[in-house]
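A quick write-up on the structure given underneath.
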Amino acid sequence: MSKRLTDIICPFCGTLCDDIEVEVSDDGKQILEVYNSCAIGSEKFLHAQSPDRITRPRMKQEDGSWKETTYEEAAKYTAKILCDAKKPLMYGWSSTSCEAQSTGHMIAEQVGGVLDNTATVCHGSTLIAMQDVGIPSCTLGEVKNRADRIIFWGCNPAHAHPRHMSRYSIYSRGYFTGKGSKSRKIIVVDPRPTDSASLADEYIQVEQGRDYELLSALRAALRGAQLPDKVSGVTKEKIYEIVDILKGGRFVVIFFGMGVTHSLGKNHNIDMAIALTADLNNYTKASIIAMRGHYNVTGSGQVLGWQFGFPFCVDLSRGFARYNPGETSSNDLLMRGEVDGCLVVGSDPGSHFPIASVKKIHDIPTVCIDPHTTPTTAVSTCHVPVAIVGIEVGGSCYRMDNVPIESRKVVDPPAGMLTDAEFLGLVLKEVNHIKGVAE
Amino acid sequence: MNTVTITIKKQPDLFLEADCFTPDALAGKKADEIAELPVFIGKTVEKIGDYFTVSGETGPTADETRLVFNGDFTKVKYIGAKMSTGEVVLNGDADMYVGSWMSGGKITVNGSVGHFAATAMSGGELNITGNAGNYLGAAYRGDWRGMSKGKITVAGNVGSDCATFMTGGEIEIGGNVDVHVMTHADGGKVIIHGNAKSRLGGQATRGEIYLFGTVDVMMPGYVKAGETELTIGGTKAVFTIYDGDQGERHPTRKGLPIYAKLYLKK
């Protein structure tokens, strides 16, 4: 007989679906089937069962081969490289729980580290724009129940957040949106005709890297100003038409992704999109939400925010928190050679960072805490596999709309494995020991 | 005016933060006292004397102190940051934050500077014979007040995000400029003798940009508002005037909106 666990949280993307059902074996040790989730989410659950999973920490030998070690030895090594480094980088934090992040931040305070999360190559520019102009936002529940004009700008939920559209933004039937997709007008703005664009009522093919100009034109059109005949490859007639569609809505929501946060202009694109949202509020209700990627990148921003006042790129090297993306951001630190030790937690810079940064991670002592074998573990000197948050251990996570959701344990981790919060606790103990700090 | 010469003798392994490289911090100190002052590399505190040779004598006050830096300072941050008076001469290139938050005095750089030079500058003069990086004269992150007073002259090229949130003062650029000039500006003046790429004066409510070269892409919110003959930076020329950014809220005077102005040389 198998058991079916309900209301499980999916620890994959920022949509943080909370309606997953998982069938586990009678002894509760094996995941048999995953229901309701998208293909990526169910793979994440099923992959936890992989027979080739690394279950013990390992150190890289001089000849490049791995040698198994204990969690205690790995914690000692991690504490040593963090304490020895003049400026250690502590990057990642987005695929782990807020509890583990909090422990990691205590270590960073002791060792004078730079704390940075995956927002640095993702929605960090959104956070900069929010500091510049604020943000009129709402929860995904409000989107589901009220929104009748949805814009997807530079994002492709059909591939990146597969259940976003059915749960919240296009097909969901809410209190005031009982007709589902029929009660909504969908606008997709993207240089590429993506699969999300094929679902749109209006698809606008913006010229690559000209989002800022198009957003500016929409704002100007909203104020009744005259426009040039064509802006960013879009005719002025189309721009006025879009403005009319938006003004005619009861509740406009703009979702945006990497297409605007990391194309030309970065934070300025978001700044302008937020300003457009604010302007739309002169006519109707409008909100804007970032399509956050990792399931708890928002949580990392929250925890860093309440502990140090800044959501990413926090430099604690001088004993107080400093923040300036462009200087204290991971890629700038790595490429300029400003750091001499690295800890990666729950993230894969080996896949996401430019090759110059990855080379630097390879050249300095690096510990990677990650349940999986990734390109980052390949360039690290020590790999510490841990239990998977949301599957083998619970923990607090924040959805893309800043709603905290407590993830749940489904099965036990392989025998003898620690969670990342437990391992970071061991590291903190070692660091305190080296620094002579009473616990 | 007394002169202190600081010459780099050893390059730091990582980057060095020298907050005290200002006339304000060093005035009234002898060379050997200066050599004992702290500089920071990551979490470690080291002495100026470990990396630099210090000679000469400072004036009794910052006003009478000139600091001369010789050598390659591309791994040194904060030269002249927060200075309020006196003079700094840098013979070589420097890293980030040259003259950031400066409120007075004069900095001359015979070389190039990195990013965030003259962040939130509120007075004084900064002359750069080489190039400047991104965020020249811009606001600090999250601040809505960028450069407010003073003058920056750059003979070479300037990176992106120049004069973001500028409220006053003047920047003159001899070469080309990357994207985003005077974004969100509410005053001030930027003169560009070379070419610009795009996003001149985006979201600006007030302020003036004078462009002698070409611009790749104009902001859609700027509309033509006549022509005028002006003498800018010693050059007389006819300029086409554009008013903008029409997408932004603008203050009014006598019932008429005040716009940021973009002057393109004909």
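Below, chains carry the letters A, B, ... as their sequence lines are ordered, and counting in each starts from 1. Since the model is a prediction, treat every value here as computed from it, not as a measurement. No hydrogens, no waters, no symmetry mates; every other heavy atom, side chains included, goes into these values.
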**Request:** Please look at A/A275 and chain B and tell me whether the side chain, the backbone, both or neither of the residue comes under 4.5 angstrom of a heavy atom of that chain.
**Result:** side chain
**Message:** Taking the ring of B/F52 and the ring of B/F73, is the distance between their centroids below 6.0 Å?
**Reply:** yes
**Leading residue by heavy atom contact count with chain B [cutoff under 4.5 Å; candidates A/Q226, A/Q131, A/R210, A/K236]** = A/R210
Report all side-chain donor-acceptor pairs from residues 109-125 of chain A shorter than 3.5 Å, counting only partners two or more places apart or in another chain.
unit_1 : atom_1 : unit_2 : atom_2 : d
A/Q110 : NE2    : A/N432 : OD1    : 3.3
A/D116 : OD1    : A/C313 : N      : 3.1
A/D116 : OD2    : A/T120 : OG1    : 3.0
A/D116 : OD2    : A/S330 : N      : 2.8
A/D116 : OD2    : A/S330 : OG     : 2.6
A/N117 : OD1    : A/A119 : N      : 3.0
A/N117 : ND2    : A/S300 : OG     : 2.8
A/N117 : ND2    : A/P311 : O      : 3.2
A/T118 : OG1    : A/S94  : OG     : 2.5
A/H123 : ND1    : A/T126 : OG1    : 2.7
A/H123 : NE2    : A/M291 : O      : 3.0
A/S125 : OG     : A/T261 : O      : 2.9

**Message:** As an exercise: rank B/E17, B/Q246, B/E248, B/K43 by heavy-atom pairs under 4.5 Å with chain A and give me the winner.
**Reply:** B/K43
**Request:** Against chain B, work out which of A/V339, A/L227, A/L264, A/L316 has the most heavy-atom pairs shorter than 4.5 Å and name it.
**Result:** A/L264
**Item:** Geometric class of the B/W101/B/Y140 ring pair [parallel <30°, tilted 30-60°, perpendicular >60°]
**Value:** tilted
**Request:** Check each atom of B/D178 against the heavy atoms of chain A and say whether the ones under 4.5 Å are side chain, backbone, both or neither.
**Result:** neither
**Message:** Under a 4.5 Å cutoff for heavy-atom pairs, which residue among A/M130, A/E327, A/K87 has the most contacts with chain B?
**Reply:** A/E327
**Message:** For B/D186, is there an ion pair with B/R145 - N to carboxylate O distance below 4.0 angstrom?
**Reply:** no
**Prompt:** Are any non-hydrogen side-chain atoms of B/P12 and B/Y51 less than 4.5 angstrom apart?
**Reply:** yes
**Message:** Heavy-atom cut-off 4.5 Å, strictly under: side chain, backbone, both or neither for B/N134 against chain A?
**Reply:** neither
**Message:** In the structure I gave you, are the side-chain heavy atoms of B/F15 and A/R336 within less than 4.5 Å of one another anywhere?
**Reply:** yes
**Asked** Quick one: do A/D84 and A/K80 make a salt bridge, cutoff under 4.0 Å?
**Response** yes
**Message:** Does any backbone or side-chain atom of A/A220 lie under 4.5 Å from a heavy atom of chain B? Answer side chain, backbone, both or neither.
**Reply:** both
**Message:** Can you tell whether the side chains of B/K77 and A/E338 come within less than 4.0 Å, N to carboxylate O?
**Reply:** yes
**Item:** chain B contact via A/D279 - which portion, at a heavy-atom distance below 4.5 Å
**Value:** side chain
**Message:** Given heavy-atom pairs under 4.5 angstrom as the criterion, report whether the side chain, backbone, both or neither of A/M272 touches chain B.
**Reply:** both
**Message:** Need one label for A/A129: side chain, backbone, both or neither, based on atoms under 4.5 Å from any heavy atom in chain B.
**Reply:** neither
**Request:** Compute the centroid of each ring, for A/F310 and then for A/Y323, and state whether the two points are separated by less than 6.0 Å.
**Result:** yes
**Prompt:** Do you know which of A/D271, A/D340, A/V133 has the most heavy-atom pairs under 4.5 Å to chain B?
**Reply:** A/D271
**Item:** Part of B/F116 within contact of chain A (heavy atom distance under 4.5 Å)
**Value:** side chain
**Fill in**
Highest number of heavy-atom pairs under 4.5 Å with chain B among A/S216, A/G265, A/P325, A/G319 belongs to A/P325
**Request:** Would you confirm whether the ring centroid of B/Y78 sits within less than 6.0 angstrom of the ring centroid of B/F21?
**Result:** no
**Prompt:** Under a 4.5 Å heavy-atom cut-off, does chain B meet the side chain of A/L214, its backbone, both or neither?
**Reply:** neither
**Asked** So which of B/Y135, B/Y97, B/F165, B/W144 has the biggest tally of heavy-atom pairs under 4.5 Å with chain A?
**Response** B/Y97
